[in-house]
J.: 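Can you keep this structure in mind? I'll have questions shortly.
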Amino acid sequence: MDTWSDAEDEAQQGETCPICKGTGFVHPLLPSGKPDFSRVVACRCIRKESDRGHQARLEQYSNLGSLTRLTFANLFPQGRSGNPDNQKRFEEVYEAAKAFAAEPRGWLVLSGPSGCGKTHLAAAIANERLKHGHPTLFITVPDLLDHLRSAFSPDSEMPYDESLDQVRNAPLLILDDLGVQTGTPWAKEKLDQLLNYRSNNELPTVIVTIAPISELEERIRTRLSNPGLSHTYVVEEKQPSVEYTGGLSLELLKSMTFDNFDWKRVNLLPEQRQNLEQAYRLALEFAKSPDGWLVLQGVNGCGKTHLASAIANYQLQAGKPAFFVVVPDFLDHLRSTFSPDSKVSYDQLFESVKTAPLLVLDDFGEQATTPWAQEKLYQVINYRYNARLATVVTTCCSLDEIESRISSRLVDPRLSLAFNITAPDYRSDLRSNRRNRRGSKRRQD
């Protein structure tokens, strides 16, 4: 039984069909009179269109845009990773995606780091369905939420209810970038409604997420990991890395190691050289076995950032991840996540820093001391203090200049070792060496 009546055949050409709302596709009715969401048929308003016009309507409905170029034909079956384990994993996901494209049933969930090929696989599924005349809707979660918000506008071409219905009843829905949306209560509610509806009706869905499924919110995680509905695949295991937020150039931080740390600076007083060597050995021991907190104090240029970077890079060489944060820039990043254009949600960035196995907080105390900034930093410090997570802090401030509820944790001898580097700014050595070279050159002349 069709979902339309003969009256709709009388709609004038160019008008929006009242049945399919301009999509060109409808669900037939079951004997009970309810829509059969497992099937889709062409609406009468497009039955007489040419094949070319029908395909154009399919592509317009799909929302793929430039992603129509991403197909199985131009996707490497083993992916682009040089790691044999990741190549084997990608080949398995590639075959699963092709099988899903041939017969979409249940949910296909793809997770993995940026650039591993998740979106290409999802777009290839959409394009394969389109090639065989089956409607598919592809949309990123941030764009979907923006679209739903805009539907509340008086100028919106489609009311909110129709916009939501079009997405949740799509014959095949592909949601890209799940987990990067702004985590507002409204956004969480809308996303939960959509996933709950499609889960209850077992509608074919592809979900792509950069975040591990274990890190998603519980209500989303339980649906995505439901063995009766979802088939989940990790496209590529994320390799250990040092993640940087702000500060010095990435290449400069990567180059700072224990091997190129100069603790024997010739212009230092003996006691300063001894102090710098002690700082070097403390940092090296911490890098070998990060446990508790290491707080490095001293003036700008004394070497504390170099030692902190060396710790992070040492861990990377050992195959373990680290997070390097320049505190003022981190707070700027947090503020920027409230922008509608942000590709990273506030919750995602904040949780990544708060829970990192090894965290370096560089330039602590240099941030603007607003109540908001102080509260965010306290939340990070307090969480890591209670969880006993390995942390390195560098600061130019004396501890009595830092807010008491934070400084009391930084100096707790049960967890933290605070060390004051007395060496002066190494840039004074560079200036002295340049003067000496110029003087030597003049004497030779």
Side-chain angles (χ1 to χ4, degrees), residues 3 16-28 34-43 46 57-65 67-68 100-101 104-110 118-119 122-123 125-127 129-130 134-153 155-209 216-217 219-220 223-224 226 229-230 340 345:
T3 57
T16 299
C17 173
I19 297 301
C20 69
K21 309 301 181 184
T23 67
F25 309 101
V26 291
H27 299 287
K34 295 183 178 180
D36 181 2
F37 292 119
S38 67
R39 295 195 299 131
V40 66
V41 295
C43 181
I46 64 165
R57 187 182 287 269
L58 274 172
E59 291 182 5
Q60 181 180 8
Y61 171 75
S62 74
N63 194 47
L64 277 164
L67 298 185
T68 53
F100 189 89
R105 289 186 181 277
W107 289 15
L108 181 68
V109 183
L110 307 177
K118 308 183 302 297
T119 296
I125 292 172
N127 285 309
R129 297 299 293 170
L130 291 180
H134 301 294
T136 300
L137 177 60
F138 184 106
I139 192 166
T140 69
V141 173
D143 286 345
L144 167 63
L145 295 174
D146 285 345
H147 180 68
L148 291 179
R149 289 186 191 97
S150 68
F152 288 108
S153 169
D155 302 327
S156 174
E157 296 180 359
M158 185 179 295
Y160 171 81
D161 290 342
E162 291 184 17
S163 296
L164 183 59
D165 284 341
Q166 186 183 59
V167 176
R168 67 181 185 178
N169 289 320
L172 171 59
L173 176 64
I174 298 179
L175 290 173
D176 194 21
D177 283 345
L178 176 71
V180 304
Q181 71 278 357
T182 304
T184 65
W186 182 89
K188 292 176 182 177
E189 179 187 350
K190 295 303 112 181
L191 192 56
D192 185 65
Q193 287 177 359
L194 172 62
L195 295 178
N196 186 56
Y197 181 88
R198 294 190 69 84
S199 173
N200 291 340
N201 289 282
E202 298 185 352
L203 299 178
T205 307
V206 177
I207 295 176
V208 177
T209 173
L216 296 173
E217 291 186 21
R219 288 178 66 85
I220 294 178
R223 291 186 179 88
L224 268 55
N226 178 2
L229 176 69
S230 298
S345 73

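Worth saying up front: this structure is predicted, and the values here are computed from it rather than measured. Worth knowing before you read on, the calculation uses all heavy atoms, side chains too, and leaves out hydrogens, waters and symmetry mates.
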J.: Looking at CG of Leu229 and CG of Leu203, how far apart are the two atoms once the value is rounded to the nearest 0.5 Å?
T.: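 The CG atom of Leu229 sits 9.5 Å away from the CG atom of Leu203.
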
J.: Ignoring hydrogens, what is the shortest heavy-atom contact between Leu224 and Ser230? Give both atom names and the distance.
T.: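 Distance-wise, the nearest heavy atoms are O-CB, 3.0 Å.
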
J.: For the atom pair CG (Leu194) and CG (Leu145), what is the distance rounded to the nearest 0.5 Å?
T.: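 Rounded to the nearest 0.5 Å, the CG-CG separation comes out at 9.0 Å.
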
J.: Contact between Leu195 and Trp107 at the side-chain level, heavy atoms closer than 4.5 Å - yes or no?
T.: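 Sidechains of Trp107 and Leu195: in contact.
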
J.: Do Thr205 and Arg198 meet the criterion of a side-chain donor-acceptor pair at a distance under 3.5 Å?
T.: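 Yes.
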
J.: Listed by chain and number, what are the side-chain hydrogen bond (donor to acceptor under 3.5 Å, both in side chains) partners of Thr119, not counting sequence neighbours?
T.: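 Asp176.
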
J.: Taking Ser62 for the side chain and Glu59 for the main chain, is one N or O donor matched with an acceptor at less than 3.5 Å?
T.: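 Yes, the answer is positive, given that a donor and an acceptor are paired below the 3.5 Å cut-off.
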
J.: Identify the heavy atoms of Ile174 and Ala126 that sit nearest to each other, and give their distance.
T.: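 Heavy atoms of Ile174 and Ala126 come nearest at CD1-CB, 3.6 Å.
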
J.: Are Asp192 and Arg223 side-chain neighbours, meaning at least one heavy-atom pair lies under 4.5 Å?
T.: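 Yes, close enough: below the 4.5 Å cut-off.
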
J.: Enter the distance from Ile207:CD1 to Ile220:CD1 here, rounded to the nearest 0.5 Å.
T.: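 Here the rounded value is 8.5 Å.
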
J.: List the residues meeting side chain to side chain contact (heavy atoms under 4.5 Å, CB included) with Asn127, not counting sequence neighbours, and say none if there are none.
T.: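 Asn127 satisfies side chain to side chain contact (heavy atoms under 4.5 Å, CB included) with Leu64, Thr68, Thr71, Ala123, Leu130 only.
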
J.: Quick check: do Phe138 and Val206 have side-chain heavy atoms less than 4.5 Å from each other?
T.: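 The answer is no, as the side chains (C-beta and beyond) never meet within the 4.5 Å cut-off.
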
J.: First locate atom CD of Gln193, then atom CZ of Arg168, and finally report the distance between them rounded to the nearest 0.5 Å.
T.: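 Reported value, rounded in 0.5 Å steps: 8.0 Å.
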
J.: Of Leu137, Val167, Leu144, Asp143, which meets side-chain contact (heavy atoms from CB on, under 4.5 Å) against Asn63?
T.: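 For Asn63, the side-chain contact (heavy atoms from CB on, under 4.5 Å) test succeeds with only one of Leu137, Val167, Leu144, Asp143, which is Leu137.
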
J.: Looking at every heavy atom in both Val141 and Leu178, which two are closest together, and how far apart are they?
T.: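 What the structure gives for the nearest pair is CG2-CA, 3.8 Å.
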
J.: Can you list everything that forms a side-chain hydrogen bond (donor to acceptor under 3.5 Å, both in side chains) with Asn226? Sequence neighbours excluded, please.
T.: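 Partners of Asn226 by the side-chain hydrogen bond (donor to acceptor under 3.5 Å, both in side chains) criterion come out as none, since no residue qualifies.
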
J.: Looking at Ala101, is its backbone amide N or carbonyl O close enough to the side chain of Arg129 to form a donor-acceptor pair, meaning the two atoms are under 3.5 Å apart?
T.: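 Between the backbone of Ala101 and the side chain of Arg129 there is a qualifying donor-acceptor contact (under 3.5 Å).
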
